[in-house]
There are 2 protein chains.
Amino acid sequence: MAQRTGHRAAPEHTHPDDVPVLTALAALADPVRIVLVRELADSGDWTRSCGSFDVPVGKAALSHHFAVLRGAGLVEQRDEGPRRVNRLRRSEFEARFPGLLELVLREEPTV
Amino acid sequence: MAQRTGHRAAPEHTHPDDVPVLTALAALADPVRIVLVRELADSGDWTRSCGSFDVPVGKAALSHHFAVLRGAGLVEQRDEGPRRVNRLRRSEFEARFPGLLELVLREEPTV
DNA sequence: ACGAGTGTTCGATGGGAAGCGAACACTGAC
DNA sequence: GTCAGTGTTCGCTTCCCATCGAACACTCGT
């Protein structure tokens, strides 16, 4: 049931509070996803669509990475017209895993 | 070169300062290694030999896990007679990755 | 010198995750 | 309605990592 107004199925979200540490760590232990999180942190909420990130992977893989980030409570998504815009759940994630996000963000951008 | 007194080759260590974030995260993103770190945190330095941990893996895998932990700057090892005793590099790791270790330690022991 | 206890290394196996291309679904503009 | 743009899903391949068993190395008793 739920609304069948022709809208696209809303993405499933997981709140950081419901995320095990291992899931959070695994989500962040990937080069591509780290880039996504960093770029997201440098942008305003709801300003970046999924396709607007500078990562060397195709659409399919990208979609998968965002699913992982959602599942780890790191990213919130909202449908805005044809595209899906993102927001880093900074405060919520920080409340659940103090210091973790900061750690990933304030790190060597260039390896 | 180096002492050839018949001693076993000392294990290679990596200082936390030389460890990339990704390596640290990847090292902690494993159930077995998390248990090792937690048990190690609850024990005094140099009191636990490699074989004294309650993890459901064989010696070979265990040895590998400790190598990973060493490579991530999480564990220091010293040969003591026939066994290899361990120490969690708590303060050094905490200085390099503030909050990370605490995060892993103060978490649901039972999933 | 021998044997028990402890760890490491080697080779092989299995499973899971990341990647791609193609096909499909939805939105908005024309 | 049709088309271009955007993302998801599906099937498949590839690669990496965790694991095991067996063999080897070292230390310490006896």
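Chain letters run A, B, ... following the sequence lines, proteins first, then strands; residues in each count from 1.
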Next item on the list: Examine distances only and state if a side-chain atom of B:Arg70 and a backbone atom of B:Glu76 form a donor-acceptor pair shorter than 3.5 Å.
Entry: no
Item checked: Electrostatic pair B:Glu39:B:Arg48 at N-O distance under 4.0 angstrom -> yes
Check: Would you say C:dT6 has OP1 or OP2 under 4.0 Å from some side-chain N or O of B:Arg8?
Finding: no
Next item on the list: Specify the separation, in whole Å, of atom CZ of A:Arg78 and atom P of C:dT27.
Entry: 16 Å
Checklist line | Integer-rounded Å distance: C:dA17 P and A:His64 NE2 | finding: 8 Å
Notebook entry, point to check: What's the CG-C1' distance between A:Leu69 and D:dT8, to the nearest Å?
Noted result: 16 Å
Check: For DNA chain D, whose closest nucleotide is more 5', that of B:Gly81 or that of B:Val68?
Finding: B:Val68
Note to self: Check this one for me: any side-chain N or O of B:His65 less than 4.0 Å away from OP1 or OP2 of D:dT19?
What the structure shows: yes
Item checked: Whether B:His13 side chain and B:Gln77 backbone form a donor-acceptor pair below 3.5 Å -> yes
Next item on the list: Return the value, rounded to whole Å, for the distance between atom CZ of A:Arg70 and atom C1' of D:dT8.
Entry: 10 Å
Item checked: Closest nucleotide among C:dG7, D:dG7, C:dG28 to the A:Pro82 side chain -> C:dG28
Margin query: Take a 6.0 Å sphere around CG of B:Asp17 and say whether it holds more than 12 heavy atoms from other residues, nucleotides or ligands.
Written below: yes
Note to self: Would you say CZ of A:Arg87 has more than 12 non-hydrogen atoms from neighbouring residues, nucleotides or ligands within 6.0 angstrom?
What the structure shows: yes
Check: Side-chain heavy atoms under 4.5 angstrom apart, residues restricted to Ile, Leu, Val, Met, Phe, Trp, Tyr: same cluster for B:Leu22 and B:Phe97?
Finding: yes
Checklist line | Spacing of B:Leu22 atom CG relative to C:dA18 atom P, expressed in whole Å | finding: 12 Å
Next item on the list: Could you tell me the separation between the CZ atom of A:Phe93 and the CG atom of A:Leu88, rounded to the nearest 0.5 Å?
Entry: 9.0 Å
Margin query: Expected output is a numbered-order residue list: members of residues 46-56 of chain B with a heavy atom under 4.0 Å from any atom of DNA chain C. What is it?
Written below: B:Ser49, B:Cys50, B:Gly51
Next item on the list: Using a strict cut-off of less than 4.0 Å between a Lys/Arg side-chain nitrogen and an Asp/Glu carboxylate oxygen, indicate whether A:Glu102 and A:Arg90 qualify as a salt bridge.
Entry: no
Notebook entry, point to check: Is it true that a side-chain atom of B:Arg78 and a backbone atom of B:Asn86 form a donor plus acceptor pair closer than 3.5 Å?
Noted result: no
Notebook entry, point to check: Tell me, which of residues 23-31 of chain A have any heavy atom that sits under 4.0 Å from an atom in DNA chain D?
Noted result: none
Item checked: Whole-Å gap separating C1' (C:dT8) and CD (B:Glu12) -> 13 Å
Next item on the list: May I ask you to verify if any side-chain N or O of B:Arg83 is less than 4.0 angstrom from the OP1 or OP2 atom of D:dC26?
Entry: no
Margin query: What is the separation between atom CG on A:Asp79 and atom P on C:dA25, rounded to the nearest whole Å?
Written below: 17 Å
Checklist line | Of the listed nucleotides D:dG5, D:dG7, D:dC20, the one nearest the side chain of A:Lys59 | finding: D:dG7
Next item on the list: May I have the distance from A:Phe66 (atom CZ) to D:dG7 (atom C1'), rounded to whole angstrom?
Entry: 11 Å
